[in-house]
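Here the structure is laid out as structure tokens; the discussion comes afterwards.
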Amino acid sequence: SSLGKETISVTGHSGVPEPATGIPISALLNGHKGQVRIVAADEYAKTFNSSELAKGKAVLIREPDGNYQIKVAGRQPDSWLRWIRRIELK
């Protein structure tokens, strides 16, 4: 990717820190300040403050099946969305 990749530390389902490597969400926000709504294939969505997705805090990961997942440092795994279809800036 021309956006580059970044590795952050996230806490996995087992409660143990693990690395997550992907495109930094901050690179996609292009300096946007405000709310960011991330929508999955089933229309399930989560809204984050742009500061939660700043450099070093969140990555977009391409899964082996070609779908995308977001992982956010400091957020529980149940807030990580899979099968991302849209990122909306509010």
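We're numbering straight along the sequence, starting at 1. Remember, predicted model here, so these are calculated numbers, not experimental data.
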**Study point:** Exercise: identify the closest heavy-atom pair between A20 and I61
**Key:**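 Shortest heavy-atom separation between A20 and I61 comes out as CB-CD1, 4.0 Å.
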
Point to revise | Considering all heavy atoms, the nearest P17-S9 contact | key: CB-OG, 3.8 Å

Group every Ile, Leu, Val, Met, Phe, Trp and Tyr by side-chain heavy-atom contacts under 4.5 Å, then state whether [X] and [Y] land in the same group.
X: L60; Y: V72; result: yes
X: L81; Y: I23; result: yes
X: L89; Y: V39; result: no
X: V36; Y: I70; result: yes
X: W83; Y: W80; result: no

Review point. Hey, does the side chain of N49 reach the backbone of S51 with a donor-acceptor pair shorter than 3.5 angstrom?
Key: no

Exercise for review: State, with a plain yes or no, whether a side-chain heavy atom of N67 is found less than 4.5 Å away from one of R85.
Suggested key: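 A side-chain contact exists here, since the closest heavy-atom pair is under 4.5 Å.
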
Review point. Would you call E6 and K55 a salt bridge, using N to O less than 4.0 angstrom?
Key: yes

Check your understanding: Hey, are K71 and E18 close enough for a salt bridge, meaning a charged N less than 4.0 Å from a carboxylate O?
Key ->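 Salt bridge present between K71 and E18.
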
Point to revise | E63 vs R82, salt bridge (Lys or Arg N to Asp or Glu O under 4.0 Å): CA-CA, chis, key distance, verdict | key: CA-CA 9 Å; E63 299 285 329; R82 300 185 97 172; 3.2 Å; yes

**Study point:** Other residues, nucleotides, ligands: >12 heavy atoms within 6.0 Å of Q76 CD
**Key:** no

Check your understanding: Does the side chain to side chain contact (heavy atoms under 4.5 Å, CB included) test come out yes or no for F48 and I38, once each step is laid out?
Key -> CA-CA 8 Å; F48 298 88; I38 300 177; 4.0 Å; yes

**Study point:** Value rounded to 0.5 Å, distance of OG1 in T21 from CZ in R62
**Key:** 15.5 Å

Please list every donor-acceptor pair under 3.5 Å in which a side-chain atom of residues 25-33 meets a protein atom from a residue at least two apart or in another chain.
unit_1	atom_1	unit_2	atom_2	d
H32	NE2	Q35	O	3.2
H32	NE2	K90	O	3.2

Exercise for review: Could you give me the CA-CA distance, side-chain angles and deciding distance for R37 and R86, then say whether side chain to side chain contact (heavy atoms under 4.5 Å, CB included) is met?
Suggested key: CA-CA 8 Å; R37 185 170 181 258; R86 293 189 313 278; 4.3 Å; yes

Point to revise | Any pair counted as salt bridge (Lys or Arg N to Asp or Glu O under 4.0 Å), so long as it reaches residues 20-30, sequence neighbours left out | key: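 Counting only pairs at least two positions apart or across chains, no salt bridge (Lys or Arg N to Asp or Glu O under 4.0 Å) contact touches residues 20-30.
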
